[in-house]
Amino acid sequence: MAEDDETSDLLLTLALKDISHTILHAKTGTEAVEKVLNDNEIDLVMMDINMPEMDGYDVTRQIRQSGINVIIIAQTAIGLAGDNEKAIEAGCTDFFSKPIDQILIKSLIEKHTQFRIKKSFN
């Protein structure tokens, strides 16, 4: 999870804890790149677009340029027109605007993986 905002990090962690084996946290874009490039077990990245040191678009481009095939779901609190297209153009698999919606997040993960999530959302 690449997220510098503590509240968003906590909400995303709560949304993913019952479907994730391990959740790694990166608070800067640089740290996110390092984690993905150095851990071949990562299969999904929740990518905040507005990160310190390097934004989520640049992080995604670096990951894609390395040849790593990982699902990257971008999110942003700002949600300007064209952000979705910009994220997909940078190499993100999908995109959503905050606030964090557990049902939406789980449906996006299910959409891009073979993983079927139990439909009882708490």
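All residue numbers refer to positions in the sequence shown, counting from 1.
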Under 3.5 Å, side chain of Thr28 to main-chain N/O of Glu31, donor-acceptor pair present? yes
Given the rule in the side-chain contact (heavy atoms from CB on, under 4.5 Å) test, do Gln75 and Ser97 qualify, once you have shown the distances and angles that lead to the verdict? CA-CA 5 Å; Gln75 74 268 353; Ser97 293; over 6 Å; no
How about Glu89: does its CD atom have over 12 heavy atoms from other parts shown lying under 6.0 Å from it? no
Between Asp48 and Met51, is there a donor-acceptor pair closer than 3.5 Å when you use the side chain of the first and the backbone of the second? no
Show, in sequence, the C-alpha distance, side-chain angles and deciding distance for Asp18 and Lys106, and conclude whether the salt bridge (charged side-chain N to carboxylate O under 4.0 Å, His left out) test is met. CA-CA 10 Å; Asp18 61 330; Lys106 290 177 181 182; 3.4 Å; yes
Report the distance from atom CD1 of Ile103 to atom CG of Leu108, rounding to the nearest 0.5 Å. 12.0 Å
Closest heavy-atom pair, Thr93 versus Arg64, reported as atoms and distance to 0.1 Å, is OG1-NH2, 3.4 Å
Do Ile71 and Met46 share a hydrophobic cluster (ILVMFWY, side-chain heavy atoms under 4.5 Å, transitive)? yes
Is there side-chain contact between Phe95 and Thr76, with heavy atoms separated by less than 4.5 Å? yes
On a heavy-atom basis, the closest approach of Leu44 and Val70 is N-CG2, 3.5 Å
Is the shortest heavy-atom distance from the side chain of Gln62 to the side chain of Tyr57 under 4.5 Å? no
Check: residues 34-43 side-chain donor-acceptor pairs under 3.5 Å, at least two apart:
{"unit_1": "Asn38", "atom_1": "ND2", "unit_2": "Glu34", "atom_2": "O", "d": "2.8"}
{"unit_1": "Asp39", "atom_1": "OD1", "unit_2": "Glu41", "atom_2": "N", "d": "2.9"}

Counting only N and O atoms by type, is there a donor-acceptor contact under 3.5 Å from the side chain of Thr60 to the main-chain atoms of Gly91? no
Leu11 and its side chain to side chain contact (heavy atoms under 4.5 Å, CB included) partner, picked from Leu16, Asp101, Ile100: Ile100
Is the closest side-chain heavy-atom distance between Val45 and Met1 below 4.5 Å? no
Roughly how far, to the nearest 0.5 Å, is the CG atom of Asp4 from the CG atom of Asp9? 9.5 Å
Cluster question for you: counting only ILVMFWY and a side-chain heavy-atom cut-off of under 4.5 Å, with indirect links fine, are Ile88 and Phe96 together? no
Ser66 side chain to Ile63 backbone, donor-acceptor under 3.5 Å: yes
One thing to verify: whether Glu53 and Lys27 come together as a salt bridge, which I'm taking to mean a side-chain N less than 4.0 angstrom from a carboxylate O. no
Path from Ile23 to Ile73 over hydrophobic side-chain contacts below 4.5 Å: yes
Can you see which heavy atom on Ala90 is nearest to which on Arg61, and at what distance? O-CG, 3.6 Å
